[in-house]
Protein chains: 2
Amino acid sequence: MKLDPRHLEILAAIVEAGGLTEGAALLGKSQPSVSRSVSLLEDRVGEPLFLPTRRPLQPTELGLALAQEGQRILSAGRHASRLVDEHRQGLAGAVRVAGTPIFMDGVISNVIAEFQAEYPNIRIDQSYGYPTELLSQLSAETLDLAILPMRPADVSDEYEFRQILPGRNVIACRVGHPLARKKEVKLEDITEYSWIAPPANSPLFRDLRNTLDGIGMRDFKISFTGGSLSAVVNVLTGSDSLTVLPFSVVFMMQRQKTLTALPIKIGDPDRHLGCVTLNARSTSASSNRVLDFIKQKFETLDRLICSASG
Amino acid sequence: MKLDPRHLEILAAIVEAGGLTEGAALLGKSQPSVSRSVSLLEDRVGEPLFLPTRRPLQPTELGLALAQEGQRILSAGRHASRLVDEHRQGLAGAVRVAGTPIFMDGVISNVIAEFQAEYPNIRIDQSYGYPTELLSQLSAETLDLAILPMRPADVSDEYEFRQILPGRNVIACRVGHPLARKKEVKLEDITEYSWIAPPANSPLFRDLRNTLDGIGMRDFKISFTGGSLSAVVNVLTGSDSLTVLPFSVVFMMQRQKTLTALPIKIGDPDRHLGCVTLNARSTSASSNRVLDFIKQKFETLDRLICSASG
DNA sequence: CGCTCAATATAACTTTGGGTTATGAAGCTT
DNA sequence: AAGCTTCATAACCCAAAGTTATATTGAGCG
């Protein structure tokens with residue numbers, strides 16, 4: 001005996017409202033409609049659901065019990081509707097975000113923390129990766145949003161790129177580092193220090209190598225490699241090593257007075273940090289929320305950086 | 001955005017079964033049917049519920065969330081179906097039973113106790129009353145089953161009467177009562193004792209009065225009145241009073257060795273105890289369960305009484 | 001007791017959509 | 001590349017939900 005859940009909903013509304021007419025109004029239907037639905041339900045059930053000839057309509061035992069189930073169905077339906085609405089407005093859902101490890105840990109994670117406070121029902125699934133793999137993940141639709149350093153000209157039509165910060169890498173060291181005290185630092189000065197190297201396939205590593213190549217320095221001493229940002233920072237602050245980091249990461253850490261940047265820019269000046277999404281697909285509302293939020297936060301961050309270090 | 005609960009059920013089945021085809025089988029529908037239902041739901045929701053072009057069909061975030069609501073709806077529906085089945089088989093529901101107070105307390109309540117053990121989901125709403133009022137309650141359908149002493153010939157066509165015991169009232173006293181020791185008790189012997197009188201409008205009281213009228217005894221000393229069975233028994237066992245009780249009640253209490261019956265029958269030999277129901281209405285399955293149970297129990301009780309006291 | 005009013009039931013009809021079978025298209029598998 | 005499985009589409013039928021209009025029936029009241 002399979003019952004139509006809509007019938008149970010109608011029954012629940014009638015019992016709750018206390019009458020056919022009121023129940024119909026509650027459901028936004030006409031009175032004859034619900035009347036006949038009840039008749040159909042009673043036919044299927046084979047037993048009366050309302051006491052006959054009682055004007056303040058009173059349900060039978062069974063009618064009351066079924067109405068309770070109807071209430072459960074109604075509430076599940078309402079909950080489902082709410083989920084849909086939230087999804088469509090981008091107030092709920094899940095967004096898969098990925099980016100280069102150092103930048104994600106150093107900058108994006110702070111932004112995401114703020115985002116979570118504002119949109120608690122959007123789940124962020126974060127992962128790490130480098131441009132080529134992340135772009136293919138976007139194409140395969142296993143990723144919604146990548147945050148990468150790119151040359152805008154290199155971005156194919158398949159993707160949409162929105163710049164959030166100029167790509168500006170710097171050489172970072174601890175605050176009390178000997179070089180940090182100098183007024184002017186020449187490239188030659190840095191040759192004597194050992195390096196914390198970013199992963200070999202990372203853009204940062206390429207930038208570092210290119211820069212050192214530029215001054216004819218083929219070999220450089222590597223004292224530490226393979227760590228995440230927090231490990232790198234710990235090693236950096238506990239030694240005189242140098243490393244290359246996005247300036248924005250160093251900027252964010254200046255508050256803790258542990259890191260500083262040498263006044264030497266390295267890397268490709270045409271490459272900028274930005275959000276990459278798939279162009280074809282209409283991105284989900286929640287992804288757009290994340291995207292907008294990041295763009296907005298980085299506008300203010302960009303201004304901060306510019307005013308602080310012109 | 002009101003969603004069709006049936007769509008959510010279908011979604012839940014698909015997600016649970018892991019595919020359209022399996023989901024359709026689970027629901028006992030054809031695959032194209034559920035396929036189109038999903039399409040309709042996706043149209044309404046405005047967002048995809050399944051990841052496209054993935055063969056082991058995988059729901060989206062929203063799809064999964066809605067499927068959970070669908071599961072709630074499914075379980076509510078299954079529960080409702082079970083309620084209906086139980087009702088139809090008379091395994092659940094409520095039955096309104098009434099009868100004369102002394103007989104209900106002394107005999108029927110024991111039977112109801114056994115009934116409850118066998119049918120825990122049937123609720124018994126018991127009340128007390130005398131024939132005229134209970135018959136009119138049956139007519140008004142505010143009562144399902146009355147247990148009353150009646151003359152079968154007096155029962156109108158409106159009702160159906162099923163005899164469960166011969167109506168046999170006796171004079172009851174405590175076990176150690178002076179009269180109880182005598183081999184033969186004449187009516188004259190009882191005149192000196194005081195009486196516990198049943199309520200004035202009860203059949204028992206009428207039987208008592210008629211009997212005493214028959215031996216020319218218009219006045220009799222009443223020492224206690226208005227109590228329920230347990231009060232009457234307490235007074236009876238603590239004094240030499242007499243009272244009139246249905247023999248079945250005394251029989252049930254003989255086990256406790258507190259009451260006994262004088263070998264004098266009083267009352268109307270044409271009146272019998274039986275179950276009265278409304279004839280017109282098809283009685284509910286659960287009422288029939290109660291009725292059948294009572295009839296069956298009283299068949300064995302009747303045999304017991306006959307064999308014990310010929 | 002009958003009148004009136006309000007609530008429910010019925011009627012007649014339209015439209016939505018769920019059910020079917022048959023068939024086409026698209027992924028995995030081998 | 002062939003074949004099998006699975007999902008999507010098409011074309012159709014019919015159950016039933018929705019509508020408006022109207023009849024019926026209780027409940028309350030003078």
Side-chain angles (χ1 to χ4, degrees), chain A residues 1-60 63 67 70 73-74 77 139-142, chain B residues 1-60 63 67 70 73-74 77 139-142:
Chain A
M1 169 63 30
K2 168 78 176 129
L3 303 173
D4 191 327
R6 291 174 303 173
H7 286 166
L8 297 177
E9 287 187 343
I10 290 172
L11 181 63
I14 292 170
V15 169
E16 185 184 349
L20 279 182
T21 311
E22 298 88 329
L26 194 68
L27 294 166
K29 301 183 198 295
S30 66
Q31 171 267 317
S33 181
V34 305
S35 172
R36 205 179 33 172
S37 293
V38 169
S39 296
L40 274 169
L41 180 57
E42 280 183 328
D43 287 351
R44 302 221 176 135
V45 165
E47 309 218 4
L49 300 174
F50 290 98
L51 298 178
T53 78
R54 276 281 171 289
R55 196 54 105 175
L57 212 52
Q58 216 168 341
T60 61
I73 291 173
L74 270 177
S139 298
E141 301 203 14
T142 59
Chain B
M1 169 64 30
K2 169 76 176 131
L3 303 173
D4 190 327
R6 290 174 302 174
H7 287 166
L8 297 178
E9 287 187 344
I10 290 172
L11 181 63
I14 292 171
V15 169
E16 186 184 347
L20 279 182
T21 311
E22 298 89 328
L26 195 68
L27 294 166
K29 301 183 196 297
S30 68
Q31 171 267 317
S33 181
V34 304
S35 172
R36 205 179 33 173
S37 294
V38 169
S39 296
L40 274 169
L41 180 58
E42 281 184 326
D43 286 351
R44 302 217 179 139
V45 165
E47 308 219 5
L49 301 174
F50 290 98
L51 298 179
T53 77
R54 276 281 171 290
R55 197 50 111 177
L57 210 52
Q58 217 167 342
T60 61
I73 292 173
L74 270 177
S139 298
E141 302 204 10
T142 59

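All chains are named by letter (A, B, ...) in the order of the sequence lines, taking the proteins before the strands, and each is independently numbered beginning at 1.
Look at CG on Leu41(B): it is 14 Å from C1' on dG18(C), rounded to the nearest Å. In this entry the distance linking NZ of Lys2(B) with P of dT16(C) reads 19 Å, nearest Å. Rounded to an integer number of Å, the gap from CD of Glu42(A) to P of dT8(C) is 13 Å. The interatomic distance linking Asp43(B) (CG) with dT16(C) (P) rounds to 15 Å, in whole Å. Taking atom CD of Glu9(B) as the reference point, atom C1' of dG18(C) lies 13 Å away to the nearest angstrom. Distance Asp4(B) CG to dA17(D) P: 10 Å, rounded to the nearest Å. When the C1' atom of dT20(D) is taken as reference, atom CD of Gln31(A) falls 12 Å away, rounded to whole Å. The distance between atom CG of Leu20(B) and atom P of dA25(C), rounded to the nearest whole Å, is 19 Å.
When the nearest nucleotides of DNA chain C are assigned to Gly19(A) and Leu40(B) by heavy-atom distance, the more 5′-ward of the two goes with Gly19(A). A residue-by-residue look at Pro32(A) and Ile10(A) shows that Ile10(A) has its nearest nucleotide of DNA chain D further toward the 5' end.
At the heavy-atom level, Thr21(B) lies under 4.0 Å from the strands shown only through sugar-phosphate atoms.
In this model, the phosphate group of dG17(C) is not approached by any side-chain N or O of His7(B) to a distance below 4.0 Å at OP1 or OP2. Here Arg44(A) does not reach the OP1 or OP2 of dA15(D): none of its side-chain N or O atoms lies under 4.0 Å away. Using a 4.0 Å cut-off, no side-chain N or O of Ser30(A) falls inside it from OP1 or OP2 of dG18(D). At the phosphate of dT9(D), neither OP1 nor OP2 sits under 4.0 Å from any side-chain N or O atom of Ser35(B).
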#### Entry: Watson-Crick or G-U pairs under 3.5 Å in DNA chain D, rendered as dot-bracket with [ ] for crossing pairs and | for another strand
||||||||||||||||||||||||||||||
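We find the CD1-CD1 distance between Ile73(A) and Ile73(B) to be 6.5 Å, quoted to the nearest 0.5 Å.
For the pair Val38(B) and Phe50(B), the tightest heavy-atom approach, listed with the atom from each and the gap, is CG1-CE1, 4.0 Å. Summarising the geometry of Leu74(A) relative to Ala12(A), their closest heavy-atom pair is CD1-CB, 4.0 Å, with the distance given to 0.1 Å.
In the interface, the side chain of Arg36(A) is paired with the base of dA17(D) through a donor and an acceptor atom under 3.5 Å apart.
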